[in-house]
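Note sheet for the following structure.
One is the number of the first residue; the rest follow in order along the sequence.
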Amino acid sequence: MPRSFNIPGFFFADDNLLFCKAIDQSSIKLKTLIQNLCATSGQLVNFNKSSIIFSKQIPSARKI
């Protein structure tokens with residue numbers, strides 16, 4: 001049985017806002033979620049229109 005992820009987000013017509021903690025485990029789960037979403041929907045992520053925003057408390061070294 002596939003594992004479920006508890007990643008909060010907002011989904012609009014063709015936009016998604018996803019939120020997670022800035023830790024390795026959450027970023028791996030987020031990546032898996034996006035890959036599964038693309039595989040299921042047949043859509044691809046447009047990285048030219050995508051962005052990532054970090055909280056002000058996250059050190060620059062962590063944003064790599």
Side-chain angles (χ1 to χ4, degrees):
M1 176 185 298
R3 298 179 79 185
S4 63
F5 301 112
N6 188 13
I7 297 177
F10 297 102
F11 299 91
F12 302 97
D14 58 352
D15 294 314
N16 302 309
L17 299 173
L18 302 170
F19 304 89
C20 69
K21 292 182 179 181
I23 58 175
D24 292 342
Q25 183 181 13
S26 290
S27 61
I28 291 168
K29 287 181 180 182
L30 181 59
K31 181 180 177 182
T32 301
L33 173 72
I34 292 170
Q35 289 171 333
N36 289 340
L37 179 64
C38 290
T40 302
S41 69
Q43 297 179 336
L44 299 174
V45 175
N46 184 339
F47 292 102
N48 293 321
K49 293 183 176 181
S50 300
S51 62
I52 184 168
I53 301 170
F54 292 93
S55 168
K56 292 179 182 178
Q57 292 87 4
I58 304 300
S60 295
R62 197 71 194 134
K63 297 178 185 180
I64 298 174

Q: Give a yes or no on whether Ile23 atom CD1 has more than 12 heavy-atom contacts from other residues, nucleotides or ligands under 6.0 Å away.
A: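 Check passes, neighbour count above 12.
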Q) Would one find more than 12 heavy atoms of other residues, nucleotides or ligands at under 6.0 Å from atom NZ of Lys63? A)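 Check passes, neighbour count above 12.
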Q.
Test of understanding: clusters of I, L, V, M, F, W, Y form through side-chain heavy atoms closer than 4.5 Å, transitively. Do Leu33 and Ile52 belong to the same one?
A.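 No; Ile52 is not reachable from Leu33 via cluster members.
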(Q) If hydrophobic clusters are built from ILVMFWY residues whose side chains come within less than 4.5 Å, do Leu18 and Leu44 share one? (A)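 No, Leu18 does not connect to Leu44 through the hydrophobic network.
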Q: Could you list the residues that satisfy side chain to side chain contact (heavy atoms under 4.5 Å, CB included) with Asn46, not counting sequence neighbours?
A: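 Per chain and number, Asn46 pairs via side chain to side chain contact (heavy atoms under 4.5 Å, CB included) with Asn48, Lys49.
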**Q.** Spacing of CG belonging to Leu30 relative to CZ belonging to Phe19, to within rounding of 0.5 Å
**A.**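 Going from CG on Leu30 over to CZ on Phe19, the span is 11.0 Å.
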Q.
Set out, in order, the CA-CA distance, both residues' side-chain angles and the distance that settles side-chain contact (heavy atoms from CB on, under 4.5 Å) for Val45 and Leu37, then state yes or no.
A. CA-CA 10 Å; Val45 175; Leu37 179 64; over 6 Å; no
Q: Using the test side-chain hydrogen bond (donor to acceptor under 3.5 Å, both in side chains), find all partners of Gln57 that sit at least two apart in sequence or belong to another chain.
A: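 Per chain and number, Gln57 pairs via side-chain hydrogen bond (donor to acceptor under 3.5 Å, both in side chains) with Ser55.
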Q.
Applying salt bridge (Lys or Arg N to Asp or Glu O under 4.0 Å) as the test, list every pair that has at least one member in residues 17-26; sequence neighbours left out.
A.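 Sorted pair list: Asp24-Arg62.
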